[in-house]
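Hydrogens, waters and symmetry mates play no part in the numbers below; they use all other heavy atoms, side chains included. Numbers for residues simply follow the sequence, beginning at 1. All figures in this text were calculated on a predicted structure; none of them were measured in a lab.
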Amino acid sequence: MGPIIWLIAAGVLALAEFAVMDFSLLMLAVAALITAGVAIADIPVWAEVAVFAVSAAITILGVRPILRKRLLTTQQQTQFTPKQLEGQKATVVEPVTDADHAGGMVRIAGELWSARAANPGDTFAEGETVSVLQIDGTTAVVWKHL
């Protein structure tokens, strides 16, 4: 009966992790799974509790910091500012007209942006490669890179 209780506890802790989202309850769920595996050997209850305590301490103090660091590093890498797009190359998707109108679209780093030419009178046809001079709100100001 002991392994079933530990498996139920692991499931409840894993589901509760969705409310907390800081890996603490997930580590306790892993410890409960480890304890369920050990409890199959029909060890005394005090030994099950000891296995749970040790495995919980190892997962919370050893594994959780590594997971949190990795998650925070991944989140920081995916955040960017439009300023980082300046100087990059872009491909014209819809023809870009002169500087007075935001009449075109470009693809910068896989994303579509409205665009306008940096210099009056410049136009860029679909498929041309241009450089991003600056980002003005939601519009990329582009020019032909020589």
Side-chain angles (χ1 to χ4, degrees), residues 2-41 47-146:
I4 301 293
I5 293 172
W6 287 110
L7 284 173
I8 291 170
V12 169
L13 287 166
L15 288 174
E17 174 63 31
F18 286 110
V20 178
M21 297 301 285
D22 74 344
F23 294 122
S24 58
L25 294 178
L26 185 62
M27 296 300 105
L28 293 177
V30 169
L33 280 175
I34 292 168
T35 307
V38 172
I40 292 174
E48 291 178 14
V49 172
V51 167
F52 178 76
V54 169
S55 58
I58 290 171
T59 57
I60 288 176
L61 299 175
V63 178
R64 182 175 174 264
I66 295 168
L67 288 175
R68 285 187 52 85
K69 181 178 179 184
R70 186 168 194 127
L71 177 70
L72 292 176
T73 302
T74 303
Q75 286 178 345
Q76 289 171 353
Q77 289 175 349
T78 58
Q79 296 174 352
F80 76 96
T81 63
K83 200 83 164 148
Q84 293 171 325
L85 297 176
E86 293 177 3
Q88 289 193 18
K89 299 226 181 293
T91 303
V92 178
V93 177
E94 290 179 11
V96 177
T97 57
D98 69 16
D100 294 333
H101 303 91
M105 296 282 285
V106 294
R107 184 177 308 277
I108 311 167
E111 295 184 356
L112 289 176
W113 284 77
S114 60
R116 73 171 188 265
N119 300 317
D122 284 353
T123 58
F124 305 110
E126 185 176 335
E128 281 190 72
T129 301
V130 292
S131 293
V132 179
L133 184 62
Q134 72 180 41
I135 301 293
D136 182 19
T138 60
T139 303
V141 180
V142 298
W143 65 295
K144 185 69 173 173
H145 187 72
L146 301 175

Problem - Side-chain donor or acceptor of E17 paired with backbone N/O of D22 under 3.5 Å - result: yes
Problem - Side-chain donor or acceptor of E128 paired with backbone N/O of A125 under 3.5 Å - result: yes
Exercise for the section: Provide the full list of side chain to side chain donor-acceptor pair (under 3.5 Å) pairs with a residue in residues 25-35, sequence neighbours left out, each pair given once. Expected result: none
Looking only at heavy atoms, which two atoms of [X] and [Y] are closest? And how far apart?
| X | Y | value |
| --- | --- | --- |
| R68 | F23 | CG-CD1, 3.6 Å |
| A29 | A14 | CB-N, 3.8 Å |
| S131 | K89 | OG-NZ, 4.0 Å |

Problem - Full working for side chain to side chain contact (heavy atoms under 4.5 Å, CB included) between L7 and L33 - result: CA-CA 6 Å; L7 284 173; L33 280 175; 3.6 Å; yes
Exercise for the section: Evaluate side chain to side chain contact (heavy atoms under 4.5 Å, CB included) for I60 paired with L28, printing each intermediate quantity in order. Expected result: CA-CA 8 Å; I60 288 176; L28 293 177; 3.7 Å; yes
Exercise for the section: Could you tell me whether the side chain of L112 reaches within less than 4.5 Å of the side chain of V93, counting heavy atoms only? Expected result: yes
Problem - Close side-chain approach of R116 and V141, heavy atoms under 4.5 Å - result: yes
Would you mind writing out the side-chain donor-acceptor pairs for residues 47-57 within the sub-3.5 Å range, not counting sequence neighbours?
residue: E48; atom: OE1; partner: W6; partner atom: NE1; Å: 2.8
residue: S55; atom: OG; partner: V51; partner atom: O; Å: 2.8
residue: S55; atom: OG; partner: F52; partner atom: O; Å: 3.2

Approximate separation, where rounding is to 0.5 Å, of [X] [atom1] and [Y] [atom2]:
| X | Y | atom1 | atom2 | answer |
| --- | --- | --- | --- | --- |
| M105 | S114 | CE | OG | 6.5 Å |
| L15 | L26 | CG | CG | 11.0 Å |
| D136 | W113 | CG | CH2 | 10.5 Å |

Handout entry: side chain to side chain contact (heavy atoms under 4.5 Å, CB included), paired with F124, selected from T129, V130, V106, T91
Key = V130
Problem - Pair I108-V132, side chain to side chain contact (heavy atoms under 4.5 Å, CB included): steps then yes or no - result: CA-CA 8 Å; I108 311 167; V132 179; 3.7 Å; yes
Practice task
Evaluate the criterion side chain to side chain contact (heavy atoms under 4.5 Å, CB included) for residue pair D122 and K144; output intermediate values, then yes/no.
Solution key: CA-CA 9 Å; D122 284 353; K144 185 69 173 173; over 6 Å; no
